[in-house]
Amino acid sequence: MRASQLYAPTLRETPAEAEVISHQLMLRAGFIRKAAGGMYTYLPLAWRVLRKIETIVREEMDAKGGQELAMPVIQPAEIWQESGRWDVYGDEMFRLKDRHNRNFCLGPTHEEMITTVVRSDVRSYRQLPLMLYQIQNKYRDEIRPRFGLMRGREFIMKDLYSFDRDEQGLDESYSKMYDAYTKIFTRCGLEFRPVEADSGAIGGSGSHEFMVLADSGEAAIVYCQKCNYAANVEKAEMHPIVAPDEEPLPLEERSTPGTKSIEAVCKLLKISADKTIKTLAYQTEKKLVLALVRGDHEVNEIKLQNELNCINLALANEIDVQNLTGAVPGFIGPIGVKDVIIVADATVMNMHNSVAGANKTDYHYINVNPGRDFKPAIVADIRMIKESDPCPHCGAPVNTARGIEAGQVFKLYTKYSKALKATFLDENGKEKLMVMGCYGVGVSRTMAAAIEQNNDEHGIIWPVAIAPYHAVIVPVNVKDIAQMELAEKIYTELNKSGVDAVLDDRPERAGVKFKDADLIGYPLKITLGPKALNENLIEVKVRKNGEIFFFAPENFVTEIKTLLKKL
RNA sequence: CGGGGCGUGGCUCAGCUUGGUAGAGCACCUGGCUUGGGACCAGGGGGUCGCAGGUUCGAAUCCUGCCGCUCCGACCA
């Protein structure tokens with residue numbers, strides 16, 4: 001490709017709308033343009049990157065026995081109604097009607113679609129296991145699309161679905177995909193970490209997220225310093241803390257005016273936060289919920305929601321709280337309230353003579369003893385892990401990091417095969433539900449994640465494997481015939497030998513071309529100027545570390561290929 | 001859903017307070033000059049000032065409504 005022909009409109013200034021670096025750089029380097037909130041046109045450079053990522057994904061899927069197919073983007077409402085998700089999915093689903101007023105949606109995911117395909121054609125255990133995948137646009141009407149391609153409303157995703165005879169088969173499919181994903185992100189040249197993830201209402205042992213590590217990541221993860229435990233903070237389990245035994249003292253009300261925060265209560269009563277019980281009121285579609293954690297702990301809403309098995313969970317508003325407890329938030333507690341579900345973190349049940357809100361504005365109870373003074377409906381782990389908390393496996397302190405969720409593997413078990421009646425006959429002629437898994441790679445998000453992780457003040461630094469082109473050839477002066485002849489020769493030879501090269505033949509000054517090269521992020525920049533030309537040496541600069549090599553024209557192709565392999 | 005900010009040429013923004021018929025830099029086109037890190041000179045094209053109403057002799061500017069973009073928040077007691 002010649003730069004004079006390449007449609008890569010670069011911008012000198014950063015458009016105001018872009019907040020994160022990947023978004024800014026993709027706009028500036030001429031990779032994407034916005035069509036609407038959360039929807040983008042992929043310009044040629046971006047499309048090349050996406051195709052390279054897709055190729056890697058395809059190869060690894062196929063290597064595990066996956067078969068590619070393509071399903072409709074527009075899906076009929078019926079199958080979603082059948083699975084029960086038409087009503088559950090809510091505003092996040094793009095819905096539309098055809099001329100006959102029939103309901104459809106733009107597919108946010110394809111479990112229903114694939115399951116109805118498979119159920120109509122798979123009858124026997126002999127046809128299983130099956131792994132089917134597609135790479136396609138997905139649509140989710142996000143509340144707040146942001147960060148460019150990181151959280152768009154239209155995005156490219158690879159989704160594979162596995163169908164097995166039993167859970168053992170599912171485990172095998174799952175570990176194949178886990179392995180494939182490890183290979184995919186490694187091949188893409190990304191620093192990543194598979195972490196245990198929340199599997200929501202489906203439960204079971206089964207979900208991992210593949211996190212591309214980046215400070216701008218939306219997800220928080222913890223990993224152990226000693227063992228190999230790593231998890232999304234949403235998932236990371238916590239063992240209850242045992243407090244030393246104390247003689248239970250009689251419950252007592254104390255006036256604690258104006259102490260709406262744990263901090264203020266502690267200061268007033270001269271106690272530490274681990275002697276207090278923090279009570280949070282949540283609104284759900286069922287009843288109001290009081291969640292209890294130790295004062296210095298935080299509630300993990302995902303865990304809480306899983307325990308409650310509810311669809312909606314949000315902190316209750318002040319009015320509801322007052323109507324129920326008679327106190328303003330800050331003074332509510334678990335004692336004496338009616339018509340609520342009390343969920344206590346397991347650590348709370350080990351506390352003695354602690355402090356909790358009295359459900360009376362400006363009053364707290366002291367000497368609260370869980371079990372004696374109140375009995376929660378649910379006792380569970382609902383606590384959010386934090387930096388240097390003990391690892392649930394080995395007890396060593398954990399570290400926290402941020403990541404971009406680029407892939408997720410998930411055991412579905414029979415959730416969809418049951419709802420959509422996907423069955424087969426086993427060896428004994430017995431009808432059984434297929435055991436399913438689903439496995440997604442956010443292709444467009446992976447591109448954005450790669451930039452988040454690989455950039456500097458000059459622009460993008462593409463990992464070689466997914467770079468739109470491997471190298472750019474920059475003749476310093478296009479009017480210099482000798483330079484251009486050499487440039488053309490190098491250009492031809494590189495492309496012939498499988499190195500994707502761009503020839504920057506634009507009649508621009510060298511500085512302009514250098515700036516664009518750095519911005520676009522070609523791994524290698526081959527500069528042809530009088531200096532190198534006179535000495536018969538070809539100058540190659542590595543984008544990543546600024547290293548400069550000089551190669552003789554006779555063997556430069558092999559030198560460049562060797563160099564690319566090392567990067 | 002709540003609140004803030006913004007909408008003026010392809011991009012970044014000024015002009016708006018105090019109404020008088022639209023500007024700068026970058027980008028683009030032509031010519032010249034230049035050519036190792038976003039040059040320079042001269043000339044030029046391009047904007048119904050987000051949309052719709054209203055006030056006024058006159059509206060980018062004031063008023064009302066709508067749309068779009070963007071950021072923050074949606075209460076850790």
Side-chain angles (χ1 to χ4, degrees), chain A residues 9-20 23-24 27-30 33-39 90-91 143-148 256 258-266 273 276-283 290-301 304 312-322 325 327-334 345 355-359 361-362 364 382-384 386 457-459 474-480 483-484 504 506-520 525-534 539 541 546 548:
Chain A
T10 55
L11 305 173
R12 201 175 282 214
E13 282 164 297
T14 304
E17 70 194 42
E19 193 191 353
V20 295
H23 190 194
Q24 292 174 354
L27 287 169
R28 276 194 63 205
R33 287 295 180 262
K34 183 166 72 177
M39 299 183 195
D91 293 335
I143 303 176
R144 204 174 139 196
R146 51 180 146 179
F147 306 144
T256 53
T259 56
K260 288 193 68 166
S261 67
I262 292 287
E263 204 188 336
V265 175
C266 289
T276 65
I277 297 172
K278 181 151 67 181
T279 306
L280 273 59
Y282 284 93
Q283 191 67 62
L290 293 186
L292 312 181
V293 291
R294 204 172 79 180
D296 56 332
H297 294 163
E298 304 293 341
V299 169
N300 180 329
E301 293 184 0
L304 179 61
N312 301 313
L313 182 82
L315 279 164
N317 65 48
E318 202 160 316
I319 294 154
D320 287 347
V321 172
Q322 288 196 46
T325 63
V328 301
F331 302 97
I332 63 172
D345 183 64
V355 170
N359 292 319
T361 299
D362 290 340
H364 279 81
I382 58 165
R383 175 184 158 200
M384 179 65 89
K386 61 180 193 298
E457 68 273 27
H458 302 294
V474 182
V476 168
N477 185 350
V478 293
K479 285 188 186 150
D480 184 319
Q483 275 181 34
M484 278 311 286
D504 198 340
R506 296 175 300 167
E508 295 284 354
R509 294 166 67 83
V512 173
K513 298 201 242 189
F514 291 152
K515 289 287 185 191
D516 272 352
D518 289 346
L519 182 59
I520 290 169
K525 181 167 61 195
I526 300 165
T527 308
L528 302 172
K531 259 191 273 176
L533 208 64
N534 295 339
E539 177 184 327
K541 187 168 182 181
I548 295 174

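By convention in this document, chain letters (A, B, ...) are assigned in the order of the sequence lines, proteins followed by strands, and residues within each chain are numbered from 1.
Across the P atoms, B:C49 and B:G7 are found 14 Å apart, a figure rounded to whole Å. Comparing B:A42 with B:G15, their P atoms sit 27 Å apart, to the nearest whole Å. Using C1' as the reference atom, B:C41 and B:G53 are 49 Å apart when rounded to the nearest Å. Taking atom C1' on both nucleotides, B:C63 is separated from B:A24 by 30 Å, rounded to a whole Å. Here the separation of B:G54 from B:A60, taken at their P atoms, is 15 Å to the nearest Å. Spacing between B:C72 and B:G9 at atom C1', rounded to whole Å, works out to 31 Å. Between the P atoms of B:U61 and B:U55, the separation comes to 15 Å (whole Å). When the C1' atom is compared between B:C6 and B:G50, the two are found 11 Å apart, to the nearest whole Å.
Residues meeting the salt bridge (Lys or Arg N to Asp or Glu O under 4.0 Å) test with A:Asp516, sequence neighbours left out: A:Arg506. Checked against ring pair (Phe, Tyr, Trp, His ring centres under 6.0 Å), A:Phe331 has the following partners two or more places apart in sequence or in another chain: A:His364.
Within 4.0 Å (heavy atoms only), A:Gln483 reaches no atom of the nucleic acid at all. Across all strands shown, A:Ala16 has heavy atoms under 4.0 Å from sugar-phosphate atoms exclusively, and none from any base. Base contact: A:Thr279 has a heavy atom under 4.0 Å from a base atom. When heavy atoms are screened at a 4.0 angstrom cut-off, A:Thr259 is found touching no nucleic acid atom at all. At a threshold of 4.0 angstrom between heavy atoms, the contacts of A:Gly357 with the nucleic acid are absent.
The number of heavy-atom neighbours closer than 6.0 Å to CG of A:Asp91, taken from other residues, nucleotides and ligands shown, is 12 or below. Counted within 6.0 Å of CD on A:Glu263, heavy atoms from surrounding residues, nucleotides or ligands total 12 or fewer; the atom is thus considered open.
Remark: B:G7 base-pairs with B:C67; criterion is Watson-Crick or G-U wobble with both hydrogen-bond distances under 3.5 Å. Across every strand in view, B:C62 sits in a pair with B:G54 that passes the Watson-Crick or G-U test at under 3.5 angstrom. When Watson-Crick and G-U wobble pairs are counted only if both distances are under 3.5 Å, B:G31 pairs with B:C41. Base pairing of B:C1: its partner is B:G73, meeting the Watson-Crick or G-U wobble criterion (both donor-acceptor distances under 3.5 Å).
Residue order along RNA chain B, read from the 5' end via each residue's closest nucleotide, puts A:Pro15 first among A:Gly37 and A:Pro15. The nearest heavy atom of RNA chain B to A:Gly38 and to A:Asn300 marks one nucleotide each, and the one closer to the 5' end goes with A:Gly38.
Between A:Lys34 and A:Glu17 a salt bridge is recorded (basic side-chain N to carboxylate O distance below 4.0 Å).
Atoms CD1 (A:Ile382) and P (B:C76) sit 16 Å apart, rounded to a whole Å. Atom CG of A:Leu290 is separated from atom P of B:C76 by 16 Å (rounded to the nearest Å). Across the protein-nucleic acid pair, A:Leu280 atom CG and B:C75 atom C1' stand 10 Å apart, rounded to whole Å. Look at CD on A:Gln283: it is 17 Å from P on B:A74, rounded to the nearest Å. The distance from atom CD of A:Glu19 to atom P of B:G5 is 19 Å, rounded to the nearest whole Å. Between the CG atom of A:Leu27 and the C1' atom of B:C69 there is a distance of 13 Å, rounded to whole Å.
Put simply, the side chain of A:Glu13 and the base of B:G25 share a donor and an acceptor less than 3.5 Å apart.
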Between N or O atoms, less than 3.5 Å apart, protein on one side and nucleotides 35-42 of chain B on the other: list the pairs.
from  : atom 1 : to       : atom 2 : distance (Å)
B:U35 : O4     : A:Lys479 : NZ     : 2.9
B:G36 : O6     : A:Gly529 : N      : 3.3
B:G36 : N1     : A:Glu539 : OE1    : 2.8
B:G36 : N2     : A:Glu539 : OE1    : 3.1
B:G36 : N2     : A:Glu539 : OE2    : 2.4
B:G37 : O6     : A:Lys525 : NZ     : 2.8
B:G37 : O6     : A:Lys541 : NZ     : 3.3
B:G37 : N1     : A:Asp518 : OD2    : 3.0
B:G37 : N1     : A:Lys525 : NZ     : 3.2
B:G37 : N2     : A:Asp518 : OD2    : 2.2
B:G38 : O2'    : A:Arg12  : NH1    : 2.5
B:G38 : O6     : A:Arg28  : NH2    : 3.1
B:G38 : N1     : A:Asp516 : OD1    : 3.3
B:G38 : N2     : A:Asp516 : OD1    : 3.4

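Among A:Asn477, A:Leu528, A:Val478, the single residue meeting the side chain to side chain contact (heavy atoms under 4.5 Å, CB included) criterion with A:Met484 is A:Val478. Checking each of A:Thr325, A:Asn359, A:Thr279 against A:Pro334 for a side chain to side chain contact (heavy atoms under 4.5 Å, CB included) leaves exactly one that passes, namely A:Thr279. With respect to A:Asp518, the salt bridge (charged side-chain N to carboxylate O under 4.0 Å, His left out) criterion is satisfied by exactly one of A:Lys541, A:Lys513, A:Lys525: A:Lys525. A salt bridge (charged side-chain N to carboxylate O under 4.0 Å, His left out) with A:Glu298 holds for exactly one of A:Lys278, A:Lys386, A:Arg383; it is A:Lys278.
Contact between the side-chain N/O atoms of A:Lys34 and the OP1/OP2 oxygens of B:C11 is not found at any separation under 4.0 Å.
The A:Glu17 side chain lies nearest to B:U70 when the options are B:C76, B:U70, B:U12.
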